[in-house]
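Just so we're clear, the structure is a prediction, and the values are computed from it rather than from any experiment.
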Amino acid sequence: MSFLTKIFGSSNQRSLKRMQIQVDEINKLETTYCELSNEDLADLKDKFQTSKNDKGFNLLTHAFAATREVSKRTTGLRHFDCQMLGGIALSEGNIAEMKTGEGKTLVATLPAYLNAVEGKKVILVTVNDYLAQRDADWMRPIYEGLGLTVGVICSGQSFNDKKASYQCDIIYATNGELGFDYLRDNMALRSEDKVQCSLDFAIIDEVDSIL
């Protein structure tokens, strides 16, 4: 370890320290969001969209705090600080390495909601139909409690079912179907024969296997 690294820390250490400050701010908001009704929490999406450009408003901390509160109420699962750190890393476009059992499926709800309230389509990519359906069903109460819709893209779907799924706010999909749908859309002769939504933000599960 170099002399400067000992003084200033590594880049990872500095990033974690910066993100921990955000986690501390999220934790300070927990009491505030505990006092909101279920209806208030579902309506936050519209309020966040109008407040996101305010310089004094930290959308990430409020979105994460809201997601944690709805998760507690709907699934009984509370995001721990380490999961908040993973969510911040993903929202910044980084890779977050989490071991089996550390709750990566729950972690994904944090950046998913954040990007959804920013008006982006959010696609959570996994390796097979079973995981796409399982994760969507498991996390659906959280998203619906936050006023969002959830769709699943898997093999064997009809054209109408697939198109409806792509119109949802949060989309769970397999990497294979996403690729084939992209190719099919690019070969379609009419716009109404296309199914995919805008490709704004993706969270990739088991990124080492998929890529």
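Side-chain contact between Leu199 and Ile123 is present, with at least one heavy-atom pair separated by less than 4.5 Å. Side-chain contact between Leu124 and Asp205 is absent, with no heavy-atom pair separated by less than 4.5 Å. Using a 4.5 Å heavy-atom cutoff, the side chains of Lys72 and Arg68 are in contact. At a threshold of 4.5 Å between non-hydrogen side-chain atoms, the residues Gln22 and Leu60 count as touching. Two residues are said to be in side-chain contact when any heavy atoms from C-beta on lie closer than 4.5 Å; Met187 and Asp193 fail this criterion. Proximity of Glu177 to Gln157: side-chain heavy atoms (C-beta onward) are nowhere separated by under 4.5 Å.
Side-chain contact of Thr109 with His79: a donor-acceptor pair under 3.5 Å is present, judged by distance alone. Side-chain contact, Asn128 with Arg134: no donor N or O sits under 3.5 Å from an acceptor N or O. A side-chain donor-acceptor contact under 3.5 Å links Ser198 and Asp200.
Heavy atoms from other residues, nucleotides or ligands lying under 6.0 Å from CZ of Phe57 number more than 12. For Leu183, the CG atom counts as densely surrounded, since its 6.0 Å shell holds more than 12 non-hydrogen atoms of other residues, nucleotides or ligands.
For the pair Cys168 and Lys121, the tightest heavy-atom approach, listed with the atom from each and the gap, is O-NZ, 2.8 Å. Contact record, Ala65 with Tyr33: CB-CD1, 3.7 Å, taken as the closest heavy-atom pair. Between Tyr166 and Leu178, the closest heavy-atom pair is OH-CD2, 3.5 Å. Of all heavy-atom pairs between Leu90 and Phe201, the closest is O-CZ, 4.0 Å.
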_Criterion salt bridge (Lys or Arg N to Asp or Glu O under 4.0 Å) on Lys47 and Asp54, from CA distance to verdict_ = CA-CA 12 Å; Lys47 294 180 180 178; Asp54 295 348; over 6 Å; no
*Could you walk me through whether Glu192 and Lys163 pass the salt bridge (Lys or Arg N to Asp or Glu O under 4.0 Å) test, one step at a time?*
CA-CA 10 Å; Glu192 56 265 35; Lys163 193 161 189 174; over 6 Å; no
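Atom NE2 of His62 sits about 12.0 Å away from atom CG of Leu114, to the nearest 0.5 Å.
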Quiz: residues 139-156 side-chain donor-acceptor pairs under 3.5 angstrom, not counting sequence neighbours:
residue : atom : partner : partner atom : Å
Arg140  : NH1  : Val150  : O            : 3.3
Arg140  : NH2  : Asp137  : OD1          : 3.3
Tyr143  : OH   : Tyr172  : OH           : 3.2
Thr149  : OG1  : Asp169  : N            : 3.0
Thr149  : OG1  : Asp169  : OD2          : 3.1
Ser155  : OG   : Asp129  : OD2          : 2.4

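The backbone N or O of Ala66 sits nowhere less than 3.5 Å from a side-chain atom of Glu69 that would complete a donor-acceptor pair. Between the side chain of Ser71 and the backbone N or O of Thr67 there is no donor-acceptor pair closer than 3.5 Å.
Put simply, Phe80 and Leu16 are part of two different groups of oily side chains (I, L, V, M, F, W, Y) that touch within less than 4.5 Å, one to the next.
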